[in-house]
> 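What follows is a structure written as structure tokens; I'll ask about it next.
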Amino acid sequence: MTNSGARHRGSNFAAIDFETADAKRDSACALGLVVVRAGRIAERYQSLIRPPRKVFSPICVGIHGITWELVRDERPFADVWTEAATLLPGVDFLVAHNAPFDNSVLRVCCQAAGLRPPELPFRCTVQASRERWGQPHNRLPDVCRLLGIPLTDHHDALCDAEACACIALRALDDGWNP
């Protein structure tokens, strides 16, 4: 995905997306992180995560396709987040599509792992899309379709994070002040 525009050239933020194994917020099983520096996608990070429980909700598996068999040999959240967080210096805020969900997953997983969550404001591209474009439907595929942003593999954490980053860049171009 590409991005352009003058307003956000100084914007440094990271778009984040989690997939979870069940309804509990400590069950992150995938992380996608896209870092935007000076208004351009600069870095991408993706990892599967071994959640604290082997039992996956059939509803969650139906959404993202991640099963215990796919993640049982992956690193736990603490190891994944410690690595991913090295990309955050210089970032002014985090953004997610439905930020309350991803923010709560990050905070609960950090707490469970004995880690300190980043002290960065969290912004929401669902909220930005309501404010900027007044759309009645603000699901990620709907906003991507409206803006012509490719969403090749919805519920793949990196694909969703990259789409979110592109939405944020477009919103910034349109005067969004996160």
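In this chain, residues are counted from 1 in sequence order.
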> Please check if the side chain of Arg123 supplies one atom and the backbone of Pro178 the other of a donor-acceptor pair under 3.5 Å.
yes
> Atom SG of Cys159 and atom CG of Leu140: how far apart are they, to the nearest 0.5 Å?
8.0 Å
> Under a 4.5 Å side-chain heavy-atom rule over Ile, Leu, Val, Met, Phe, Trp and Tyr, are Leu120 and Val105 clustered together?
yes
> Check whether any side-chain N or O of Arg44 sits under 3.5 Å from a backbone N or O of Val34 as a donor-acceptor pair, and report yes or no.
no
> Between Ala96 and Ile16, what is the shortest heavy-atom contact and its length?
CB-O, 3.4 Å
> If two hydrophobic side chains count as joined below 4.5 Å and joins carry through other members, does Val108 share a cluster with Leu115?
no
> Using atom types as modelled and distance alone, determine if a side-chain donor or acceptor of His64 lies under 3.5 Å from a backbone N or O of Thr20.
yes
> Following the transitive rule for hydrophobic clusters with a side-chain heavy-atom cut-off under 4.5 Å over Ile, Leu, Val, Met, Phe, Trp and Tyr, establish whether Phe56 and Leu48 coincide in one cluster.
yes
> Do Asp26 and Pro52 come close enough that some side-chain heavy atom pair is under 4.5 Å?
yes
> Starting from Ile66, can I reach Trp68 by hopping between I/L/V/M/F/W/Y residues whose side chains sit under 4.5 Å apart?
yes
> Return the SG to CG distance between Cys164 and Asp102, rounded to the nearest 0.5 Å.
8.0 Å
> How far does CZ of Phe77 sit from OG of Ser27, to the nearest 0.5 angstrom?
11.5 Å
> Taking the side chain as everything from C-beta on, heavy atoms only, tell me whether Asp156 gets closer than 4.5 Å to Gln46.
yes
> Would you please test Ser47 and Leu33 for side chain to side chain contact (heavy atoms under 4.5 Å, CB included) and show each step?
CA-CA 9 Å; Ser47 183; Leu33 187 70; over 6 Å; no
> As a test of understanding, state which of Arg170, Arg130, His97, Arg132 forms a side chain to side chain donor-acceptor pair (under 3.5 Å) with Thr125.
His97
> Using side chain to side chain contact (heavy atoms under 4.5 Å, CB included), reason through His154 and Asp160 one step at a time and then give a plain yes or no.
CA-CA 6 Å; His154 186 34; Asp160 288 0; 3.2 Å; yes
> Looking at every heavy atom in both Ser129 and Val126, which two are closest together, and how far apart are they?
OG-O, 2.8 Å
> May I ask you to decide if Asp79's main-chain N or O and Thr82's side chain share a donor-acceptor pair within less than 3.5 Å?
no
> How far does OG of Ser104 sit from CD of Gln111, to the nearest 0.5 angstrom?
12.0 Å
> I need the minimum non-hydrogen distance between Glu43 and Leu87, along with the two atoms involved.
OE2-CD2, 3.0 Å
> Could you tell me which non-hydrogen atom of Pro51 sits nearest to which non-hydrogen atom of Val71, and how far apart they are?
CD-CG2, 3.7 Å
> Where do Ile49 and Pro76 come nearest, in terms of heavy atoms and distance?
CG2-C, 3.9 Å
> Is there side-chain contact between Val95 and Ile167, with heavy atoms separated by less than 4.5 Å?
no
> Indicate the ring-plane relationship of Phe18 and Trp81, choosing parallel, tilted or perpendicular according to the 30° and 60° boundaries.
tilted
> Do side-chain atoms of Glu69 reach the backbone of Thr67 as a donor and acceptor pair under 3.5 angstrom?
no
> Looking at CG of Asp153 and CD of Glu162, how far apart are the two atoms once the value is rounded to the nearest 0.5 Å?
12.0 Å
> Let me confirm one number: the CD-NE2 distance from Glu19 to His155, rounded to the nearest 0.5 Å.
6.5 Å
> Can you check whether Leu94 reaches Leu88 side chain to side chain, under 4.5 Å on heavy atoms?
yes
> Got a donor-acceptor contact below 3.5 angstrom from the Asn12 side chain to the Ala38 backbone?
yes
> Do the side chain of Asp92 and the main chain of Phe13 share a donor and acceptor less than 3.5 angstrom apart?
no
> Ignoring hydrogens, what is the shortest heavy-atom contact between Asp17 and Ala161? Give both atom names and the distance.
CB-N, 4.0 Å
> Using the rule that Ile, Leu, Val, Met, Phe, Trp and Tyr join whenever any side-chain heavy atoms are under 4.5 Å apart, tell me whether Val91 and Tyr45 fall into a single cluster.
yes
